[in-house]
Amino acid sequence: MQIRLAGIEPESIVDGPGYRLAVFAQGCPHGCAGCHNPQTHDFSGGRLTDTREIVGLMGKNPLVKGVTLTGGEPMMQAAAFCEIAEAARARGLGVWCYTGYTLEQLRDEHDGDRMRLLGLTDVLVDGPYIARERSLDLLYRGSRNQRLIDMPATLSSGALRLFVPEEW
């Protein structure tokens with residue numbers, strides 16, 4: 001499936017725990033002031049590729065234990081990111097997803113591909129980046145309003161369950 005990417009980081013250590021394959025979506029509707037990746041906002045930027053390219057990178061480095069879907073806004077290309085997440089899970093890799101939407105906004109939309117992606121996600125980092133809420137003391141997020149959501153626990157219980165990193 002075709003996907004527009006801003007880039008790929010094959011051995012990220014900042015986009016979730018351990019070594020991760022980070023996949024950066026191109027295109028973002030949020031336009032958060034102070035965004036860490038403003039070059040990803042333009043929907044016509046980046047490069048067009050196929051999800052098979054990303055899947056082909058999985059397993060090349062045995063130290064990589066997970067895949068992080070980030071951006072830009074992965075939810076804008078949810079169907080393609082579902083293919084990547086399904087391939088990651090089939091290989092025993094964890095899946096993290098960063099989004100500028102809140103979980104509540106995504107649930108209210110009832111978009112099939114986005115809901116499917118939530119179901120394939122282990123940890124959802126949700127909410128827009130808010131510069132006045134910025135803190136360098138936060139693990140895996142840029143501003144205090146953003147949450148680390150344990151998606152399997154949240155989906156099975158029906159109540160919001162936060163992820164607590166082992167480092168804390």
Which atom pairs, donor and acceptor, lie under 3.5 Å between side-chain atoms of residues 154-162 and protein residues at least two apart or in another chain?
from	atom 1	to	atom 2	distance (Å)
T154	OG1	D150	O	2.8
T154	OG1	R161	N	2.9
T154	OG1	R161	O	3.3
S156	OG	P152	O	3.1
S156	OG	A153	O	3.3
S157	OG	A153	O	2.9
S157	OG	A159	N	3.1
S157	OG	A159	O	3.0

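- When each of H41, M75, M76 is paired with C28, the side-chain contact (heavy atoms from CB on, under 4.5 Å) condition holds for H41 and for no other.
- Residues that satisfy the side-chain contact (heavy atoms from CB on, under 4.5 Å) test with E83, not counting sequence neighbours, are M1, T51.
- Taking the side chain as every heavy atom from C-beta outward, N37 and Q39 approach each other to under 4.5 Å.
- Pairs engaging residues 7-32 under the salt bridge (Lys or Arg N to Asp or Glu O under 4.0 Å) rule: none recorded [sequence neighbours left out].
- Put simply, the side chain of Q77 never gets that close to the backbone of P74: no donor and acceptor are under 3.5 Å apart.
- The closest side-chain heavy-atom distance from P10 to L57 is not below 4.5 Å.
- If you take SG on C82 and CG on L117, they are separated by 4.5 Å, rounding to the nearest 0.5 Å.
- The one candidate from I54, I84, L21 that meets the side-chain contact (heavy atoms from CB on, under 4.5 Å) condition with L69 is I84.
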**Asked** What do the steps show when you test L5 against V23 for side chain to side chain contact (heavy atoms under 4.5 Å, CB included), and what is the final call?
**Response** CA-CA 8 Å; L5 296 181; V23 184; 3.6 Å; yes
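- V95 approaches A88 most closely through the heavy-atom pair CG2-CB, 3.9 Å.
- Annotation: salt bridge (Lys or Arg N to Asp or Glu O under 4.0 Å) contacts of D50 (sequence neighbours excluded): R52.
- Counting heavy-atom neighbours within 6.0 Å of R134 CZ, excluding the residue itself, gives a total of 12 or less.
- Note on I8: it clusters hydrophobically with V14, by side-chain heavy-atom contacts below 4.5 Å among ILVMFWY residues.
- In this structure, Q26 contributes its side chain and T40 its backbone to a donor-acceptor pair below 3.5 Å.
- The ring-ring contact (aromatic ring centres under 6.0 Å, His included) test applied to Y101 returns H30, not counting sequence neighbours.
- When the salt bridge (Lys or Arg N to Asp or Glu O under 4.0 Å) test is applied to R132, no partner is found at least two apart in sequence or on another chain.
- The cluster map of Ile, Leu, Val, Met, Phe, Trp and Tyr, joined by side-chain heavy atoms under 4.5 Å apart, puts M151 and V125 in different clusters.
- Applying the ring-ring contact (aromatic ring centres under 6.0 Å, His included) test to every pair with at least one member in residues 78-97, sequence neighbours left out, gives these pairs: W96-Y140, W96-F163.
- Hydrophobic clustering keeps V164 apart from L124 (ILVMFWY residues linked when any side-chain heavy atoms are closer than 4.5 Å, directly or through intermediates).
- The closest side-chain heavy-atom distance from L118 to L103 is below 4.5 Å.
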**Message:** As a quick check of understanding, evaluate side chain to side chain contact (heavy atoms under 4.5 Å, CB included) for L93 and M58, giving each step before the final call.
**Reply:** CA-CA 9 Å; L93 299 172; M58 294 178 195; 4.1 Å; yes
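- Applying the salt bridge (Lys or Arg N to Asp or Glu O under 4.0 Å) test to pairs two or more places apart or on separate chains, those with a residue in residues 114-131 are E86-R116, R89-D122, E109-R114, D113-R116, D126-R147.
- Applying the side-chain contact (heavy atoms from CB on, under 4.5 Å) criterion to L63, with sequence neighbours excluded, gives Y19, N61.
- Evaluation of the side-chain contact (heavy atoms from CB on, under 4.5 Å) rule for T70 yields F24, T68, Y98 as partners, not counting sequence neighbours.
- Residue T121 holds its OG1 atom at 10.5 Å from CD1 of I149, rounded to the nearest 0.5 Å.
- In this structure, the side chain to side chain donor-acceptor pair (under 3.5 Å) partners of N145, at least two apart in sequence or on a different chain, are S143.
- With T102 contributing its side chain and Q105 its backbone, the two residues share a donor-acceptor pair below 3.5 Å.
- In this structure, the side chain to side chain donor-acceptor pair (under 3.5 Å) partners of E53, at least two apart in sequence or on a different chain, are R47, T49.
- Q146 approaches R141 most closely through the heavy-atom pair O-NH1, 2.6 Å.
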